[in-house]
Asker: 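Submitted below is the structure of interest, expressed as structure tokens.
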Protein chains: 2
Amino acid sequence: MSKTEHNPAYGKHDRGFSVMFAALGDPTRLAIFDRLADGKPRSISALSDDADMTRQAVTKHLRVLETAGLVQSQKVGRESQYAFCPEQLAQARAYLDQVAGRWESALMRLKTFVEGDQD
Amino acid sequence: MSKTEHNPAYGKHDRGFSVMFAALGDPTRLAIFDRLADGKPRSISALSDDADMTRQAVTKHLRVLETAGLVQSQKVGRESQYAFCPEQLAQARAYLDQVAGRWESALMRLKTFVEGDQD
DNA sequence: GTTAAATGCAACCAGGAGGTTGCGTTATGT
DNA sequence: ACATAACGCAACCTCCTGGTTGCATTTAAC
């Protein structure tokens with residue numbers, strides 16, 4: 001039984017969030033994601049026009065975003081249209097809200113404890 | 001003038017968010033971050049006890065989290081205590097809320113347009 | 001004072017990431 | 001029908017990541 005088995009805090013219960021964060025952890029992918037948030041699907045070529053790199057590099061980034069569930073593609077004739085996909089983002093936001101909430105609760109308990117001590 | 005200079009959507013105005021997302025884009029770092037959200041600072045050794053890897057590997061991850069502004073360290077005797085740091089997370093949450101809001105606004109405009117068409 | 005704990009540093013290694021190039025296929029425009 | 005646009009695939013290359021090991025230093029415990 002490895003350490004992580006009796007203490008499941010590490011590497012488990014990740015629920016894919018690290019994949020999603022990793023997908024946004026590259027400036028190019030973050031910018032593509034940001035761009036698609038306006039709701040307009042775009043082709044690879046259209047997205048490549050805005051990027052300072054080849055179409056194939058942009059395609060690689062789109063694949064990472066798609067695997068993470070942040071965008072989805074649809075073939076329209078010879079074009080692949082990529083669109084913003086909100087579900088995974090919503091889950092990640094909820095997770096970060098929960099993490100922040102845990103910290104804030106801990107901070108509150110500390111303040112109550114310190115103030116109780118000073119009564 | 002490169003393409004990104006006349007169209008600043010890519011690689012600019014990132015404001016460090018990709019660094020932060022990259023920091024959380026590894027299962028080990030995400031777990032460490034999650035662990036520290038309970039508000040209790042911990043030493044490298046304490047965090048290593050929970051990890052299925054060497055202390056030096058954990059130290060590397062803590063350095064990445066610290067560089068991203070997600071944790072902060074304080075030397076206490078021979079120990080480096082690492083604590084949760086909420087500011088950068090708050091900014092990232094605000095950014096993701098804003099991105100989601102943009103998409104929702106676009107969706108709303110589309111629905112209004114479609115419903116207007118059907119009147 | 002000695003031993004142990006905790007840490008930092010540097011070198012090493014394998015694999016992956018992030019880009020490019022070349023080429024073939026399919027769909028669209030003329 | 002032909003030219004062009006858009007795309008997919010694969011191979012390549014450089015650099016970085018994520019881990020380990022070895023060793024030295026500092027601090028704490030006994």
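Atoms considered below: every heavy atom in the structure, side chains included; atoms not considered: hydrogens, waters and symmetry mates.
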Asker: Is any side-chain N or O of A:Arg78 under 3.5 Å from a base N or O of D:dG8, one able to act as donor and the other as acceptor?
Answerer: no
Asker: Under the 3.5 Å rule, do the base of C:dG8 and the side chain of B:Arg55 count as making a donor-acceptor pair?
Answerer: yes
Asker: Mind calculating the distance between CG (A:Leu62) and C1' (D:dG8) to the nearest angstrom?
Answerer: 13 Å
Asker: Tell me if the side-chain of A:Gln56 makes a donor-acceptor pair with the base of C:dG22, cut-off 3.5 Å, by modelled atom types.
Answerer: yes
Asker: May I have the distance from A:Glu66 (atom CD) to D:dC7 (atom P), rounded to whole angstrom?
Answerer: 13 Å
Asker: Does B:Ser45 put a side-chain nitrogen or oxygen below 4.0 Å from OP1 or OP2 of C:dT7?
Answerer: yes
Asker: Go through the side-chain N and O atoms of B:Gln81 and B:Glu79 and say whether any donor and acceptor fall under 3.5 Å apart.
Answerer: yes
Asker: What is the distance, rounded to the nearest whole Å, between atom CD of A:Glu79 and atom P of C:dG29?
Answerer: 9 Å
Asker: Output the rounded distance in Å from CG (A:Asp52) to P (C:dG18).
Answerer: 16 Å
Asker: Check this for me, if you would: do A:Arg93 and B:Asp97 make a salt bridge, where the nitrogen-to-carboxylate-oxygen distance has to be below 4.0 angstrom?
Answerer: yes
Asker: Side-chain N or O of A:Ser80 less than 4.0 angstrom from OP1 or OP2 on D:dG8?
Answerer: yes
Asker: Take the protein atom NZ of B:Lys60 and the nucleotide atom C1' of C:dT7, then report the distance between them rounded to whole Å.
Answerer: 15 Å
Asker: Just to be sure I understand the rule, does A:Thr54 reach a base, reach only the sugar-phosphate, or reach nothing, if contact means heavy atoms closer than 4.0 Å?
Answerer: base
Asker: Of the options D:dG8, C:dT7, D:dG19, whose atoms approach the side-chain atoms of B:Thr28 most closely?
Answerer: D:dG19
Asker: Rounding to a whole Å, what distance do you find between B:Leu47:CG and C:dA6:C1'?
Answerer: 13 Å
Asker: Which class fits the ring pair A:Phe21 and A:Tyr95: parallel under 30°, tilted 30 to 60°, perpendicular over 60°?
Answerer: tilted
Asker: Over how many whole Å does the gap from B:Met53 atom CE to D:dT17 atom P extend?
Answerer: 16 Å
Asker: Check A:Arg42 with A:Asp50, please: is the shortest side-chain N to carboxylate O separation under 4.0 Å?
Answerer: no
Asker: Give a yes/no on whether any side-chain N or O of A:Arg63 is located under 4.0 angstrom from OP1 or OP2 of D:dC9.
Answerer: yes
Asker: Could you give the CG-to-C1' distance, from B:Asp49 to C:dT7, as a whole number of Å?
Answerer: 14 Å
